[in-house]
Amino acid sequence: MKDILEAPFLKEICKTASNMYRQGWDERNGGNISVRLDKKDLAPYLNVRDVIRTIPTKFDAKAIAGQYYIVTGTGKYFKNVEDDPETNLGIFRISDSGTEAELLWGYKDGGRFTSELPAHLMSHIARQAVDPESRVIIHTHPTNTISMNTVCPVDEDDFTHRLWQINTEAIVVFPDGVGMLPWMVCGTTAIGEATAEKMKKYRIVIWTNHGIYGAGKDLDETFGLIETVEKTAQIYMLTEGHKRLNLITDKQLKDIADYFGVTPKAGILK
Ligand code: 2HA
Ligand code: ZN
């Protein structure tokens, strides 16, 4: 068996956690990452028949039974993932019943997956139905996006428009806009279901006064998507309280969309 610490998928999730920590998005144990893995990518590093222990998923994940995931651990700090992946991460398979995670590696201190697992797995189910290549869900607490929640209405079309108007890249990177949930208790099946419902239409879901869920086919794409929303939110907050003289007009937004061949979410541009 090859050393799993050298596996590209493991190195990449470690690097992503460190990057996110350095952005200031993942204080303390804030944020969580889940990546769907292929059995063939795991086979050189693990015997997938050796289950260390099983952990209840606490909801019905039968739709993704047999799938493999690497997921950050509950209570774990992003800043520590890279130095000690085997404690801070776990690799598991969803059991045939969909009610258990079969741990194959990690959570070495007896830990378990993130408390947000229902939202992650339900989001994976929703995104895979839209795009079979979808593999990554990232939840994080980006400062400026959360700041915008304090000063903007909880209205996803209005929020999307404010972002598009202030940074040219925004409509190109997320022409599908951002979905938004009102404030809800986190960690619950209810917020998981609400997030997954939004994920049928959006790759970004904002949890009001809490953070962001992002989805994509790999870590780079998903991180880049969140990074673009957050960068745009930063521009918004840096200019909040100032007189905004130059906003991108709806006509200009349509011109950018035409030029880059993207279709903006209907109903936002006049
Ligand atoms: O896991 O971010 O939403 C820590 C969190 C909970
Ligand atoms: Zn959170």
Side-chain angles (χ1 to χ4, degrees), residues 13-14 16-35 55-59 61 69-92 101 103 106-127 136-150 154 156 159 178-199 202-216 219 222-223 225-227 229-230 233:
I13 193 171
C14 288
T16 304
S18 294
N19 275 339
M20 292 176 66
Y21 175 69
R22 281 192 294 267
Q23 299 280 349
W25 301 347
D26 298 282
E27 76 291 343
R28 201 173 174 270
N29 64 322
N32 20 79
I33 305 175
S34 61
V35 182
I55 313 171
T57 54
K58 295 203 183 130
F59 77 100
Y69 287 90
I70 183 164
V71 181
T72 50
T74 184
K76 298 298 190 260
Y77 292 24
F78 270 27
K79 82 180 171 60
N80 298 335
V81 171
E82 196 159 19
D83 284 342
D84 187 2
E86 199 173 353
T87 303
N88 294 289
L89 298 169
I91 296 174
F92 55 80
L103 185 66
Y107 305 144
K108 197 176 65 175
D109 59 354
R112 48 193 286 135
F113 41 69
T114 166
S115 59
E116 302 290 3
L117 192 76
H120 275 257
L121 293 188
M122 287 182 214
S123 294
H124 277 287
I125 293 168
R127 288 310 305 171
V136 175
I137 300 289
I138 294 179
H139 167 58
T140 182
H141 301 164
T143 315
N144 293 284
T145 306
I146 303 169
S147 301
M148 272 185 77
N149 289 147
T150 333
V154 182
E156 58 198 14
F159 201 91
V178 300
M180 213 168 182
L181 293 183
W183 186 89
M184 291 176 78
V185 176
C186 53
T188 61
T189 304
I191 201 169
E193 283 166 354
T195 306
E197 193 54 39
K198 290 288 178 194
M199 282 281 177
Y202 300 102
R203 294 168 298 147
I204 287 281
V205 180
I206 294 174
W207 284 8
T208 297
N209 301 132
H210 182 140
I212 263 187
Y213 265 74
L219 280 165
T222 314
F223 178 85
L225 175 62
I226 296 171
E227 193 180 25
V229 173
E230 170 61 4

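Ligands are counted one by one from 1 in listed order, and the atoms in each one are counted from 1 as well.
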**Message:** Just checking Tyr21: does its OH atom have more than 12 heavy atoms from other residues, nucleotides or ligands closer to it than 6.0 angstrom?
**Reply:** no
**Among the N, O or S atoms of His210, the one nearest the Zn ion (ligand 2)** = NE2
**Request:** Kindly confirm or rule out an N or O of Cys186 lying under 3.5 angstrom from an N or O of ligand 1.
**Result:** no
**Prompt:** Is it true that some N/O/S atom of Cys186, main chain or side chain, lies under 2.8 Å from the Zn ion (ligand 2)?
**Reply:** no
**Top protein contact for atom 1 (O) of ligand 1, by heavy-atom distance** = Asn32 ND2, 3.0 Å
**Message:** Can you check which of Glu116, Arg28, Lys76 brings a heavy atom nearest to atom 3 (O) of ligand 1?
**Reply:** Glu116
**Request:** Using a strict cut-off of 4.0 Å, indicate which atoms of ligand 1 neighbour a heavy atom of His141.
**Result:** 2 (O), 5 (C)
**Asked** Should you measure from each heavy atom of His139, which atoms of ligand 1 turn up under 4.0 Å away?
**Response** 2 (O), 3 (O)
**Message:** Just checking His120 against Tyr69, ring centres under 6.0 Å apart?
**Reply:** no
**Fill in**
Ranking Asp26, Thr140, Thr114, Asn29 by closest non-hydrogen atom to atom 4 (C) of ligand 1, top hit is Asn29
**Message:** So Thr145 and Thr143, do their side chains get closer than 4.5 Å, heavy atoms only?
**Reply:** no
**Fill in**
Taking only non-hydrogen atoms of His210 and a 4.0 Å limit, the atoms of ligand 1 in range are 3 (O)
**Request:** May I ask you to check whether Asn144 and Glu230 show a side-chain donor-acceptor distance below 3.5 Å?
**Result:** yes
**Item:** From Asn149, Ile212, Thr195, residue fulfilling side chain to side chain contact (heavy atoms under 4.5 Å, CB included) relative to Trp207
**Value:** Thr195
**Test item: side-chain donor near acceptor, Thr87 and Asp84, under 3.5 Å** = yes
**Message:** Quick check on side chain to side chain donor-acceptor pair (under 3.5 Å): which of Gln23, Lys79, Glu82 does Ser18 satisfy it with?
**Reply:** Glu82
**Item:** Of the N, O or S atoms in His141, the one nearest the Zn ion (ligand 2)
**Value:** NE2
